[in-house]
Amino acid sequence: MFQIVLVGRPNVGKSTLFNRLVGPGKAIVNDQPGVTRDRKYGQVSFLDLEFMLVDTAGIDDSLKGDTEREIKLQTEIAVREADLIIFVIDGRVGVLPTERAFSKYLIKTNKPTFVLVNKCEGSKGLVGLTESNSLGFETIIPFSAEHGEGLSDLYDTLKQQIEDKSNVSLSAENNIKTENTKSEITKIGIIGRPNTGKSTLINNLVGQKRLVTGPQAGITRDAIEISWYYKSQNFCIVDTAGLRKKSKVHDILEKSMVGDTLKTIKYSNICILLIDSDKGLDKQDLTIARVVAGEGRGLIIGANMWDKVIDKDQVRQKIFNQLEKSLSQIKNIQVVFMSGLHGQGLDKLMDIAIDIKKRLDIRISTGKLNRWLTPIIENNPAPLYKGKMNRIRYITQVNIRPPTFAVFMSSPENLPDSYKRFLMSSLMDDFGLSGLPIRVMLRKGNNPYVEN
């Protein structure tokens, strides 16, 4: 697919433009410069144009250190892969020396490039429009990403560039198939507290330096989606910002980061909760796990940095005991003892994810469920209420992802929680649903498929 990259200084509006074209809320936007650090991809349908848009970190020659060099490298990779470059500047500020130097780098790449002078609403962008000619590019577009001014000029420029490059119109009549139509995509969210190695794990999974990593916590801010093909299946791996305790989250940027991570949990098929093996599961890890279970998503515990653990038997048993005690609503949660840095246990991790995805989609026939239910309630009848039998009459599956069951009975409000847990545990054991956050809903009434 035709690929367009957004480049420019921090805080000139690249992420706002990205959201304008890809969809609202796809990239975190904040007045604080340097929010975007990794390459962020989004598929755009702009009238009859179809292309991939890439948001990048802001160019800043003053950045020093390994992490800063990695951030710069991500932008350089995006430029190398691009078919077209949009150089975004702030029209209210004008052209700065950093931008003049970067324009020379872009010219040397011989990539088609045009300048988008952002924040040009009203007469505020006259300074930038006047000075932008000095950057050495023929096409200059006045624009306002926040208000959508200049979209028609942007469309005309993109259409010409795309058709010149590919020599084919990307209109709807071409019936161009995107990756989304090839096969179903399994979305896996990598979540956890800060500095548990989420980005390092993904880099090793996909086999490239796709995400910025470093020793300090909080490098990842946006949720970054990465398409990946493994064992004939399409995956979307999502890196997320670390989740700290709610009491420690104060500034608006971190609240946006938390919101982005929670959204990832909601829309993922499976979540891999990464923990530091040596520290075990703390209260925050268990809180995150409960959020995943509450959303009905598949859950895997990735006990990372396993290579650093000395007393492995003790740590392993401690983690299992914590899960059994504090997450008893999900029976036999899968735990993978691994090292994202050294690539240990990654195949096992993905094989388990494939298995969980398959079981989340399981459908059990009503007949099979009721044949299973009959001996269950005969051998272990529900407790009496008001001296009467609380008859369980019927069970059926009503949904998948996660498997959800409705049980029809005399008095659901008087069924003890302990008996409901017994039914859930029996379902998990007898139908291979262990490790899944299954749902059992209690309903009043007779078998709805039998006439009275």
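On a predicted model such as this, the values are computed, not experimentally measured, just so you know. For the numbers below, each heavy atom of this structure counts, side chains included, while hydrogens, waters and symmetry mates do not.
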Q: Please test Asp48 against Lys159 for salt bridge (charged side-chain N to carboxylate O under 4.0 Å, His left out), starting from the C-alpha separation and ending with a verdict.
A: CA-CA 9 Å; Asp48 61 334; Lys159 187 173 181 68; 2.7 Å; yes
Counting C-beta onward and ignoring hydrogens, is there a side-chain heavy-atom pair between [X] and [Y] closer than 4.5 Å?
| X | Y | answer |
| --- | --- | --- |
| Lys357 | Asp361 | yes |
| Asn118 | Leu17 | no |
| Ser326 | Lys283 | no |
| Val315 | Trp306 | yes |

Q. Is there a side chain to side chain contact (heavy atoms under 4.5 Å, CB included) between Leu129 and Ile140 once you walk through the steps?
A. CA-CA 8 Å; Leu129 278 173; Ile140 297 168; 4.2 Å; yes
Considering residues at least two apart in sequence or located in another chain, which fulfil the side chain to side chain donor-acceptor pair (under 3.5 Å) criterion with [X]?
| X | result |
| --- | --- |
| Asp153 | none |
| Asp83 | none |
| Ser425 | Lys331 |

Taking atom types as modelled and ignoring hydrogens, do the side chains of [X] and [Y] form a donor-acceptor contact shorter than 3.5 angstrom?
| X | Y | answer |
| --- | --- | --- |
| Ser144 | His147 | yes |
| Asn269 | Thr186 | no |
| Ser199 | Asp239 | yes |

Q | Within residues 84-104 or reaching into it, pairs that qualify as salt bridge (Lys or Arg N to Asp or Glu O under 4.0 Å) - sequence neighbours excluded | A |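 Applying salt bridge (Lys or Arg N to Asp or Glu O under 4.0 Å) to every pair that reaches into residues 84-104, excluding sequence neighbours, yields Arg9-Glu99, Asp90-Arg92, Asp90-Lys119.
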Q | Of all pairs that satisfy salt bridge (Lys or Arg N to Asp or Glu O under 4.0 Å), the ones with a partner from residues 10-21, not counting sequence neighbours | A |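 Applying salt bridge (Lys or Arg N to Asp or Glu O under 4.0 Å) to every pair that reaches into residues 10-21, excluding sequence neighbours, yields nothing.
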Q | Shortest non-hydrogen contact between Leu211 and Asn203, atoms and distance | A |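 Where Leu211 meets Asn203 most closely, the heavy atoms are N-OD1, 2.8 Å.
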Using atom types as modelled and distance alone, determine if a side-chain donor or acceptor of [X] lies under 3.5 Å from a backbone N or O of [Y].
| X | Y | value |
| --- | --- | --- |
| Arg443 | Ala406 | no |
| Ser268 | Cys271 | no |
| Asp285 | Asp282 | yes |

Q: Please report the C-alpha distance between Leu286 and Leu327 in whole Å, then the side-chain angles of each, then the deciding distance to 0.1 Å, and finally whether the side chain to side chain contact (heavy atoms under 4.5 Å, CB included) criterion is met.
A: CA-CA 8 Å; Leu286 294 169; Leu327 278 174; 4.1 Å; yes
Q | Separation of Phe46 CZ from Ile162 CD1 (nearest 0.5 Å) | A |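 Rounded to the nearest 0.5 Å, the CD1-CZ separation comes out at 9.5 Å.
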Q.
Please list all pairs meeting ring-ring contact (aromatic ring centres under 6.0 Å, His included) that have one or both residues in residues 258-282, counting only residues at least two apart or in different chains.
A.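 Matches after skipping sequence neighbours: none remain.
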